[in-house]
Amino acid sequence: MKLSIYFTPLGLAPGDIAGKPILVIDVLRTTTTIVAALANGAKAVIPAPSAEEVSRLAQNLERGSVVLAGERRLERMEGFDVGNSPLEMTREAVEGKTIVMSTTNGTPAIVAAEAGRPVVLGAATNFTAAAERARAVFGADGEIVILCSGRSRMFAIEDAYAAGRFAQALIPGRQRRSADLNDAAIAALELVRRYGDKWKTAIAASAAARELKRLGFKNDVAAAAEVDAHAIVPVYAGRLVTVPDRG
């Protein structure tokens, strides 16, 4: 069984992931925010690489049915309805709506994974559900890629730790001796050895968490560490993030 982790999408070519199961992680905050939005009744999320693309995509949707979500340098972009905060994705704000979203790190990572099959979104807040879905496709395919968004095209400890936790769940104990792990997967598992099951400690240790707290988003950091707050598994396909198995 082969498990590969990428700490950022930088240098990732479509051929590296085409047709492979992909688990995308951006703990602070995009995948956490998308999980919250869909759990609170959003119809779908459309990830976009830029503010201009958000505006273009929104023009093709029915007025009143769209929420514009955007973040740059951790704060809401001017003219957008919401930023990139899971706490803004309340049922009142998003139920029945399509969210068109652009963030600094997370939405580019999701778009970079579009050649995968399937592309699943994971966070601490849907850890068990996402791990179970990833385990099912991993068992069927014998291979999986975990893609971290990173921060400013660089390593982010909160994403790497989350990737390690997912890797640990996918290949438990002695099975790792015979598994094909890349170096990033080995490093992520070492982070799990360092922090154990302490999601809050690992997330709070990151530069992104410190910067978010400095800017007044400490509650977002706390929300991102609420393990298994939701039991949904967002899937990216056809340029939409949805919950396909939701009744």
Side-chain angles (χ1 to χ4, degrees), residues 1-9 17 20-36 38-39 86 106 109-110 113 116-150 155-206 209 223-236 241 243-245:
M1 302 185 84
K2 183 176 182 179
L3 187 152
S4 302
I5 291 176
Y6 292 83
F7 289 137
T8 78
I17 58 174
K20 300 175 184 177
I22 314 292
L23 174 65
V24 181
I25 299 169
D26 182 12
V27 173
L28 294 173
R29 294 167 286 174
T30 301
T31 56
T32 301
T33 298
I34 290 174
V35 168
L38 293 170
I110 296 168
R117 296 292 183 275
V119 179
V120 175
L121 273 56
T125 54
N126 72 334
F127 175 72
T128 296
E132 288 176 355
R133 177 63 185 273
R135 190 181 299 115
V137 297
F138 186 35
D141 286 70
E143 183 172 5
I144 195 166
V145 172
I146 301 177
L147 176 61
C148 303
S149 76
F155 176 88
I157 197 170
E158 73 279 6
D159 289 346
Y161 170 78
R165 290 297 302 270
F166 278 110
Q168 186 183 60
L170 291 171
I171 310 179
R174 295 180 180 179
Q175 293 181 29
R176 287 182 217 123
R177 295 178 183 176
S178 58
D180 184 357
L181 306 177
N182 70 349
D183 285 354
I186 294 168
L189 287 164
E190 285 300 312
L191 268 180
V192 175
R193 284 169 58 89
R194 166 68 176 82
Y195 288 104
D197 61 358
K198 298 176 181 178
W199 280 96
K200 291 181 180 179
T201 303
I203 291 171
S206 68
E226 291 181 4
V227 181
D228 292 336
H230 305 291
I232 65 165
V233 184
V235 175
Y236 178 54
V241 181
V243 183
D245 54 356

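Here, residue 1 is the first one in the sequence, and each next residue gets the next number.
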About how many Å separate [atom2] of [Y] and [atom1] of [X], when rounded to the nearest 0.5 Å?
X	Y	atom1	atom2	answer
Ile203	Tyr195	CD1	OH	11.0 Å
Thr125	Arg29	OG1	CZ	13.5 Å
Glu143	Ile22	CD	CD1	8.5 Å
Phe7	Ile25	CZ	CD1	10.0 Å
Lys20	Arg117	NZ	CZ	13.5 Å

If we only count heavy atoms from C-beta on, is the [X] to [Y] side-chain gap below 4.5 Å?
X	Y	answer
Leu181	Ile171	yes
Ile144	Leu170	yes
Val35	Pro86	no

Please report the shortest heavy-atom distance between [X] and [Y], naming the atom on each side.
X	Y	result
Leu28	Ala224	CD2-CB, 3.6 Å
Ala113	Val119	O-CG2, 3.1 Å
Ala39	His230	CB-ND1, 3.4 Å
Leu147	Ala109	CD2-O, 3.5 Å
Ile5	Asn182	O-ND2, 2.9 Å
Pro21	Val137	CB-CG2, 3.8 Å

For a side chain to side chain contact (heavy atoms under 4.5 Å, CB included) check, start with the C-alpha distance between Ile34 and Ile110, then their side-chain angles and the critical distance, and finish with the verdict. CA-CA 11 Å; Ile34 290 174; Ile110 296 168; 3.7 Å; yes

Using distance only, find each side-chain donor-acceptor pair of residues 158-167 under 3.5 Å and give its atom names and separation, not counting sequence neighbours.
unit_1: Glu158; atom_1: OE1; unit_2: Ser206; atom_2: OG; d: 3.4
unit_1: Asp159; atom_1: OD1; unit_2: Val27; atom_2: N; d: 2.9
unit_1: Asp159; atom_1: OD2; unit_2: Ser149; atom_2: OG; d: 3.2
unit_1: Asp159; atom_1: OD2; unit_2: Gly150; atom_2: N; d: 3.2
unit_1: Tyr161; atom_1: OH; unit_2: Arg165; atom_2: NH1; d: 2.8
unit_1: Tyr161; atom_1: OH; unit_2: Gly196; atom_2: O; d: 2.7
unit_1: Tyr161; atom_1: OH; unit_2: Lys198; atom_2: N; d: 3.4

Across all chains, not counting sequence neighbours, the ring-ring contact (aromatic ring centres under 6.0 Å, His included) partners of Phe138 are none

Taking only residues two or more places apart in sequence or in another chain, which ones pass side-chain contact (heavy atoms from CB on, under 4.5 Å) with Ala169? Phe127, Ala131, Arg135

Using only atom types and a distance under 3.5 Å, with no angle test, would you say the side chain of Asn126 pairs donor to acceptor with the backbone of Leu121? yes

Can a donor-acceptor pair be found, under 3.5 Å and without considering hydrogens, that links the side chain of Thr31 to the backbone of Gly122? yes

